[in-house]
Amino acid sequence: MLPLKSLSNFYPPSWVGNVLKIRILSAAVFAPVLLGLVWIGGETLKISMLLLALLMAWEFFRMCGARITGPQRILGYFLTMAVACFLLGWNFGVPMIVVLPLAVLGIMVVALWGEQSFSERFISMGLLSLGVGYAGGLIVFLALLRDWPDHGLALTLSALFCTWGADTGAYFCGRAFGKRKLAPMVSPNKTIEGAVGGVIAAVLVAFLIWQAFTLTIPLIWMLIIGVVAGVLGVLGDLCASLLKRATDTKDSSQLIPGHGGVLDRFDGVMFVAPSVYCLLVLLEPWL
């Protein structure tokens, strides 16, 4: 998604102003819904994350276009749902040791039929595997964070607000101080200075959440969570930009007016939520 600074170079100020209004209105509608689901937690949040994962799979396969055939997409939706359900604890009595080899076999067998060239089939198998893992294996960690003992709500809000804080901090610091490009081939407008500002903003947000919820988690670990969120949020955004450039796509979809699709909106959170969860698992003996 092009930043407003870039948009102003190609469109009149009135058009950019309208984009801002649409983005704000969309955020005013969708953010409270998401935060409400996080507040409720439990099975409601888990089901919501499963549906969100399927939407992400739809957007990913849509971006891939003809590279992924119809039968491959059907298999992809099924595998995305299977991965998400297993991570959420819904294995329905089927062990993962059975599902994993069947998934690999299914991805390869489905590629045997079709009109694609052999090299295209090879690429389609890789894209299908990536799409399943990307859509089904990341965003559901928001629900797993919410179930974390004692501090689930605060930790989930940390993953969200630290990511959003990092995104905001990176944007304004990049505009004010940005000179050195971070990844010019992938995202020409992102700078090292902006990324540093984003990490600082994420750490500040983590500190504020630690104080607001009077958490018993040591402050140093909470600040580490802020650093992880700041760094992984930027990397998630960059990786989403890489996918869109590789598929010649501006937005993953138009599901959220002014923001694009759910992959556009949650690209950073998709990296931050599982990273924070894994960090907590590693730090649990010291928390």
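These figures come from a predicted structure and were not determined experimentally. In what follows, residues are counted from 1 in the order of the sequence shown.
- The shortest side-chain heavy-atom distance between Leu142 and Leu160 falls under the 4.5 Å cut-off.
- A single hydrophobic cluster is seen to contain both Leu52 and Val33, as judged by linkage of ILVMFWY side chains at heavy-atom distances under 4.5 Å, directly or through other members.
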Can I get a per-line list of side-chain donor-acceptor pairs under 3.5 Å for residues 64-73, giving both atom names and the distance, sequence neighbours left out?
unit_1	atom_1	unit_2	atom_2	d
Arg67	NH1	Cys64	O	3.4
Thr69	OG1	Gln72	OE1	3.2
Gln72	OE1	Thr69	N	2.9
Gln72	NE2	Ser124	OG	2.9
Arg73	NE	Ile68	O	3.2
Arg73	NH2	Phe61	O	3.0
Arg73	NH2	Gly65	O	2.7

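- For Ile123, the side-chain contact (heavy atoms from CB on, under 4.5 Å) partners two or more places apart in sequence, or in a different chain, are Leu127.
- Connectivity analysis of hydrophobic side chains (ILVMFWY, heavy atoms under 4.5 Å, direct or indirect) links Leu100 to nothing; its cluster partners are none.
- The side chain to side chain donor-acceptor pair (under 3.5 Å) test applied to Thr156 returns no partner, not counting sequence neighbours.
- No side-chain N or O of His151 forms a donor-acceptor pair with one of Ser158 less than 3.5 Å apart.
- Residues Met125 and Ile107 form a side-chain contact, since some pair of their non-hydrogen atoms from C-beta on lies under 4.5 Å apart.
- In this view, Phe141 and Tyr277 satisfy the ring-ring contact (aromatic ring centres under 6.0 Å, His included) rule, not counting sequence neighbours.
- The line from CD of Glu43 to CG of Leu50 is 11.0 Å long, rounded to the nearest 0.5 Å.
- Partners of Val228 according to the side-chain contact (heavy atoms from CB on, under 4.5 Å) rule, which considers only residues two or more places apart in sequence or in another chain, are Ile224, Leu232, Ser275, Leu279.
- Applying the side chain to side chain donor-acceptor pair (under 3.5 Å) rule to Asp147 yields the partners Lys46; only residues at least two apart in sequence or on another chain are considered.
- Side-chain contact between Ile225 and Leu280: present, with at least one pair of heavy atoms (C-beta onward) separated by less than 4.5 Å.
- Residues forming a salt bridge (Lys or Arg N to Asp or Glu O under 4.0 Å) with Arg245 (at least two apart in sequence, or on another chain): none.
- Side-chain contact between Leu45 and Trp39 is absent, with no heavy-atom pair separated by less than 4.5 Å.
- Here Thr249 pairs with Thr247 under the side chain to side chain donor-acceptor pair (under 3.5 Å) rule; sequence neighbours left out.
- Side-chain atoms of Phe266 and Leu138, non-hydrogen and from C-beta on, never get closer than 4.5 Å to each other.
- The side chain to side chain donor-acceptor pair (under 3.5 Å) test applied to Ser129 returns no partner, not counting sequence neighbours.
- The pair Glu193-Lys179 does not meet the salt-bridge criterion, since no charged nitrogen lies less than 4.0 angstrom from a carboxylate oxygen.
- With hydrophobic clusters built from ILVMFWY side chains whose heavy atoms lie under 4.5 angstrom apart, Ile220 shares a cluster with Leu208.
- Every side-chain contact (heavy atoms from CB on, under 4.5 Å) that Ser253 has, sequence neighbours left out, goes to Trp58, Glu59, Arg62, Leu255.
- Within the structure, ring-ring contact (aromatic ring centres under 6.0 Å, His included) pairs that include any residue of residues 80-128 do not occur (at least two apart or interchain).
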